[in-house]
Amino acid sequence: MTTRGIGVIGGPGAGKTAWLSALLEWVGGRGKRYLHYDGMSSNAQALRQLQLPLTRQQYPQRTPIESGLGLDVPLRTSGDHIPEVRFSLHVSDYAGEELNKKIFQERTWGDTWQNRSEQAALLIFVRIPHNEGKNSKESGDFVPLPRLQLQEPPDEDSPEAWGERVYRGQSRPPAPGVSSAVQVPTVLSLIEVLQALRHQRGLEGGERPEPASLRIGVVISAWDAMPQDWKDAGPTHYMQQELALLDDFLWSNFQAEDVRCFGLSSTGGDLNDPEYKIKYKKNPCGYVQWTDAFGRQQVVKDIAAPLYWALFGDRGLPDGSP
Amino acid sequence: MNPPLRPFRCLNGDCGFPHGGRCAREAEFADPAASCVELMRGEAPAAPAEIPAPKAEDLLPWSGQHFTTREGLALTRRGKTACIALIGPAGSGKTSLIASLFLQIANGRRPGLPLRFAGSRSLPALDRLIQKAAAWGGSAEQQIVDHTPVSAEPDPGTFLHLSLRPEEDRDAPVLEVLLSDVAGEHFAEWALESNEKTTTRLPFLPLCQEVMVLVDAHALQGEEGGTLDMDTAMVIRRLVQESRSWPRRPHLSLVYTKLDQILPREEIVLDAQLWKRLEDDSWRSVQAMLEARDDGMNAEVTGVAAFPCALAKGQPAGVTELFGAAITRINKQRPWARLELPVPAGGPSFLCVRRERP
């Protein structure tokens, strides 16, 4: 077995805590799994606190800044097409506060961050920009993601629900025009961290690292709250159009096959909906969507899919069978 | 009558609740105002002991602010660099133009600019600009971005930095773009007299491959329009004269800014009719540009509307096209002199028929 590290970063409210909670529920759940625990974390108490809300079918609360700046979860993969690999999931600054305040504004980053530069992959959590022409919120003023539409999560019994989805003739989000709003980017602090991590690795600007030496997975959280036309178009198209600065930065500085965008719903639906809450209690699950190399949308229940990709690339992605 | 409530103060330095934000311990308290022991009303207790400065190894390798001239010069030695000077009086729109360009790049809207964002060492500085622009409500009386202050430091921040990568499908190297962001007052002094004092703040000018002289098209139509036109012409003539002794003469552009204040956004078309109208208001500057061309400089006239309206209401005009044309010209330049190898007499025939590639 090999041992690797995967880093998880993102600003405050980007969904890292919710995903980690749901992931821990998923790992310890019933049925076929490719991801398993590999011993106890050094911070088991913190992990328990993380899982508690979802065991009560409640969303994890915003992570208090002083309750720990990092978590390490030892995990391993095995089964079917998945090689057996032990790795540690590092969620540094899972409150997300350091990203903007300390690194971007105060220009300080300690050993914990600097050591992240040696990790094999990074998962970057982003929240949907909601600041069309307005001031972006400070890190302490996060506004909850708007849930304009409550989409039914894919029915797990339906064979068409999982796996490949080919969208033909579906509506696409309209391209911006002259009278479209100018969006203020919210990913500057993320890009700054990536620049710093690349610098720590000795990479010059525009220098693409060796293939598979550093994978970057962009995870767009609360994907279930997206309007249907964005779901149809897929997370890659969303990133190209709505997170263009990050998309361009990743294109310029990483190998194409080492960058992947995922749409993630940690809980599969809205836990504030009493009916869904009951359903979630019986079978807690979320889903992950991505655009494959052929432009097809793939949807799977296994919310660890970004981890498989981070470890093994495209060959690690599940095929969608429930 | 009850006295007014004193403002909230929180002993937790990371808490945003006193300022209308979120309590840092929100997960513990359903009602922070009632329950949080660190939250209080009134004056804060005495400030804690001074926090020691972070160690050098804990600092990011770059400041994130404007590059100094020295830093810019070091960058030009490392690789291909596009150094673009934006010259103009205070209020002509230099900083706004840079902010608008960055927003367009950030939005992936780059007509006329065939390069993609590859990084920047000035992200916090650019962030401040665009946050200020985002707060602008669209009123002509409000400032869109903060006025660039005059600095007395020997080598203050001068450039904002962008790394851009050509979007062609090959592993093309990035281009480091330096955009000067200097207070307009320095150029006014320099135009009147070029001496050691006035050039102290402008040592970067000889490095630049492109110089854009900005003039406010709306102000040209005002009472002081004639004076503005005269001052602009003076800057152009000073540039023409000084550039004769530079290693390479820059390409010169006269850029009319704030076109949205003389035309509706949808009617902004950079055509002969618009130029005729602008020329009537700026014939001195146009004459100076013609003299620049006669002196051997490449010179052109163009216009932009960097912020025709609040960000939520529409896109700018001409911004990416302006910089796209400049960067394309720079990209075509050879960074070093062409190597002329003599053809040896009596050598093999293939050497005699060797042709230089254009």
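Note that these values count all heavy atoms, side chains included, but never hydrogens, waters or copies made by symmetry.
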Closest contact, heavy atoms only, B:P316 versus A:V182: CD-CG2, 4.3 Å
Sidechain N-carboxylate O distance under 4.0 Å for B:R165, A:D248: no
Minimum heavy-atom distance B:V174-A:G205, with the two atoms named: CG2-O, 3.5 Å
Intermediate values then yes/no, side-chain contact (heavy atoms from CB on, under 4.5 Å), B:R116 and A:D247: CA-CA 9 Å; B:R116 297 176 73 168; A:D247 184 57; 3.1 Å; yes
B:F117 vs A:I191, side-chain contact (heavy atoms from CB on, under 4.5 Å): CA-CA, chis, key distance, verdict: CA-CA 11 Å; B:F117 178 75; A:I191 292 173; 4.0 Å; yes
Worked verdict on A:S179 versus B:K313 for side-chain contact (heavy atoms from CB on, under 4.5 Å): CA-CA 6 Å; A:S179 56; B:K313 295 194 175 159; over 6 Å; no
Non-neighbouring partners of A:R201 that pass side-chain hydrogen bond (donor to acceptor under 3.5 Å, both in side chains), sequence neighbours left out: none
Chi angles and distances behind the side-chain contact (heavy atoms from CB on, under 4.5 Å) call for B:L60, A:H199: CA-CA 10 Å; B:L60 283 186; A:H199 179 84; over 6 Å; no
Non-hydrogen atoms of B:N107 and A:A181 that approach each other most closely: OD1-O, 4.2 Å
Contact origin within B:A106 toward chain A - heavy atom pairs under 4.5 Å: both
Flag side-chain contact, heavy atom, 4.5 Å: A:S180 against B:Q315: yes
Proximity breakdown for A:Q240 and chain B, heavy-atom pairs closer than 4.5 Å: neither
Max heavy-atom pair count under 4.5 Å with chain A, selected residue of B:G108, B:C309, B:G119, B:A118: B:A118
Toward chain A: residues of residues 94-102 of chain B with heavy atoms under 4.5 Å: B:F102
Over all atoms of both residues, closest heavy-atom pair of B:P124 and A:E192: CD-OE2, 3.7 Å
Minimal non-hydrogen separation, B:L103 against A:Q183, with atom names: CD2-O, 3.7 Å
Heavy-atom check, side chain of B:S120 versus side chain of A:L188, under 4.5 Å: no
A:E210, CD atom: more than 12 neighbouring heavy atoms under 6.0 Å: no
Heavy-atom proximity to chain A below 4.5 Å, by part of B:E176: neither
Selection from A:E207, A:Q200, A:Q195 maximising heavy-atom pairs under 4.5 Å formed with chain B: A:Q195
Chain A contact via B:R128 - which portion, at a heavy-atom distance below 4.5 Å: neither
